[in-house]
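Working notes for the structure below.
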Amino acid sequence: MSFAYFVQQVLSNPALAVTTLLTLGVIFVNGWTDAPNAIATCVTTRCMRVRSAVIMAAVFNFLGVFLMTQLNASVASTISNMVDFGGDTDAALIALCAALFSIVVYSVGASILGIPTSESHSLIAGLTGAAIAIHGGVDAVDMGEWVKVLYGLAASLLFGFAMGWIVCKIVTLICAGFDRRRTNGFFTGAQIVGAAAMSFMHGAQDGQKFIGVLFLGMAFCNGQPSVAGVVIPVWLMILCSTIMGVGTSVGGEKIIKSVGMDMVKLEKYQGFSADLASALCLLVMTVLGIPVSTTHTKTSAIMGVGAVRRLSAINFGVVRDMMLTWVFTFPGCGIISFIMAKLFMVVF
């Protein structure tokens, strides 16, 4: 599908237009709120100034979405194929629109109530709830793909924590006899590289999730009930990566402070360890096609780094918030999406 044809379809199909606007809006918000996590440690250890770090994150978010989707689009494939919206593509497009709208409703409601959220988990829950609504049962869920979400929940916490601890322990042992002033100079540069890698992998993970959704909407609009075996067009990668990059450039200084300073007080070598560990985790998960929360992976890696020094250095309130995200987001957003899909199908 060419970009010109896609624009023509958006202008002539209100459901696709709403789906496109909501998807791009969520991508923008994701770049705005989630991407700062990638550069939080780099800023709070004073390796980079906030504005320079934000610009770097925007550039590498763009590259992560664009390049990784061309090399390995398995995360986008998992998101596109994890549920079955049925053979009626008109109804499927309406249900997909309802799923995206439910993400907005849930995120706003959770924010008002102070419940921690994850756009990645909201997206998965929303798609699942809408598919069940249109299909009339849990047969709409492809458990072979959906089980990867469960793997992702465990991996973001356990694998992230373990990698953070291992990388930081290795760095500590290697640098044990070195002059701290010299190592600080090295880790200033190394952490900038680590933050760039983390920004790249954030784009690769989160960007692919929403590319998968937009691609699904395009397929429904053209009468295709699935996107199995279809190649994602380059212009779609560029569009989504640009929107995420623009969202990242908006900033997120409050998030940077929360992740980089409130949870664990980090030194430069620890910040580098957290960035490298979380980037490696995200790379493995992306290659395997497992959608994970980049925020949870990064915060788990930071906790693993903190545990090398002492367990009391960790703010375990962050772990509680992660658990609450899982407990509330999947049933909460899923139920809202189910109701919205039923309502949208009646109204439209």
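Computed from a predicted structure; not experimentally measured.
With a 4.5 Å cut-off on side-chain heavy atoms, V26 and L123 do not count as touching. Using a 4.5 Å heavy-atom threshold, the side chains of Q205 and M285 count as touching. For the pair K268 and T183, the minimum side-chain heavy-atom distance is 4.5 Å or more. Looking at C175 and Y269, their side chains never come closer than 4.5 Å, going by heavy atoms from C-beta outward. Between W146 and V138, the closest side-chain pair of non-hydrogen atoms is not below 4.5 Å. Counting heavy atoms from C-beta on, the side chains of V171 and L276 never come closer than 4.5 Å. No side-chain heavy atom of H202 sits under 4.5 Å from any side-chain heavy atom of K298. Side-chain contact between I79 and F215 is absent, with no heavy-atom pair separated by less than 4.5 Å.
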Go through F210 and I243 one step at a time and tell me if the side-chain contact (heavy atoms from CB on, under 4.5 Å) criterion holds. CA-CA 11 Å; F210 298 107; I243 295 297; over 6 Å; no
Run the side-chain contact (heavy atoms from CB on, under 4.5 Å) test on M218 and T20 for me, step by step, so that the C-alpha distance in whole Å, both residues' side-chain angles and the decisive distance to 0.1 Å come before the verdict. CA-CA 9 Å; M218 291 160 54; T20 301; over 6 Å; no
Residues H296, T325; criterion side-chain contact (heavy atoms from CB on, under 4.5 Å); working and verdict: CA-CA 10 Å; H296 287 183; T325 301; 4.1 Å; yes
Report the C-alpha distance between F330 and I124 in whole Å, list the side-chain angles of each, state the deciding distance to 0.1 Å, and finish with yes or no for side-chain contact (heavy atoms from CB on, under 4.5 Å). CA-CA 8 Å; F330 285 105; I124 292 166; 4.1 Å; yes
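Of all non-hydrogen atoms in H135 and A140, the two that sit nearest each other are CB-CB, 3.4 Å. The two residues V83 and A131 come nearest to each other via the heavy atoms CB-CB, 3.6 Å. Taking each heavy atom of M56 and A195 in turn, the nearest pair found is CE-CB, 3.7 Å. Scanning all heavy atoms of the two residues, the minimum distance from V18 to C97 falls at CG1-SG, 3.1 Å. Listed here is the closest heavy atom pair of D206 and V292: OD1-O, 4.1 Å. Between G289 and K148, the shortest heavy-atom contact is O-CD, 3.6 Å.
In this structure a side-chain-to-backbone donor-acceptor pair under 3.5 Å is present from S12 to Q9. The backbone N or O of S156 lies less than 3.5 Å from a partner atom in the side chain of S300, making a donor-acceptor pair. Using a distance-only test at 3.5 Å, with no hydrogens or angles considered, a donor-acceptor pair links the side chain of S337 to the main chain of A130. Under a 3.5 Å cut-off, the side chain of N61 and the backbone N or O of A57 do form a donor-acceptor pair. In this structure a side-chain-to-backbone donor-acceptor pair under 3.5 Å is missing from T329 to S122. Side chain of S102 to backbone of A99: a donor-acceptor contact under 3.5 angstrom is found. Proximity of a side-chain donor or acceptor of E145 to a complementary backbone N or O of N81 within less than 3.5 Å is not detected. Judged by distance alone, with hydrogens and angles left aside, the side-chain atoms of K209 form no donor-acceptor pair with the main-chain N or O of T78 at under 3.5 Å. In this structure a side-chain-to-backbone donor-acceptor pair under 3.5 Å is present from N72 to S74.
Neither V75 nor L282 shares a network with the other; the hydrophobic side chains, linked directly or stepwise wherever heavy atoms of I, L, V, M, F, W or Y lie under 4.5 Å apart, form separate groups for each. Residues V346 and F338 do not share a hydrophobic cluster, clusters being chains of Ile/Leu/Val/Met/Phe/Trp/Tyr side chains in contact below 4.5 Å. By the criterion of side-chain heavy atoms lying less than 4.5 angstrom apart, applied directly or through intervening Ile, Leu, Val, Met, Phe, Trp or Tyr residues, L71 is not grouped with V65; the two fall into different hydrophobic clusters. V193 and F60 fall into different hydrophobic clusters, defined by Ile, Leu, Val, Met, Phe, Trp and Tyr side-chain heavy atoms under 4.5 Å apart, directly or through other members. Following chains of ILVMFWY side-chain contacts shorter than 4.5 Å, one can reach V287 starting from L67, so the two form part of one hydrophobic cluster.
Aromatic ring orientation, F220 versus F85: perpendicular (interplanar angle above 60°, classes split at 30° and 60°). Below 30°, between 30° and 60°, or above 60°: for F272 and F187 the angle between ring planes is between 30° and 60°, a tilted geometry.
Distance check, rounded to the nearest 0.5 Å: OG of S120 to CG of L153 gives 10.5 Å. From Q224, atom CD reaches atom CG of L216 across 10.5 Å, with rounding to the nearest 0.5 Å. With values rounded to the nearest 0.5 angstrom, Q191 atom CD is found 10.5 Å from N184 atom CG. With rounding to the nearest 0.5 angstrom, the CG atom of L63 is 6.5 Å from the CZ atom of F200. Atoms CG and OG1, from L214 and T19 in turn, are 8.5 Å apart once rounded to the nearest 0.5 Å. The CZ atom of F101 lies 10.5 Å from the CD1 atom of I336; values are rounded to the nearest 0.5 Å.
For Y151, the OH atom counts as loosely surrounded, since its 6.0 Å shell holds 12 or fewer non-hydrogen atoms of other residues, nucleotides or ligands.
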Show me the donor-acceptor pairs within less than 3.5 Å that the side chains of residues 233-240 make with the rest of the protein, sequence neighbours left out.
residue : atom : partner : partner atom : Å
W235    : NE1  : M1      : O            : 2.8

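Of the listed residues (V305, T172, D275, V308), just one forms a side chain to side chain contact (heavy atoms under 4.5 Å, CB included) with Q270, and that residue is V305.
Judged as a salt bridge (Lys or Arg N to Asp or Glu O under 4.0 Å), and not counting sequence neighbours, D139 has no contacts.
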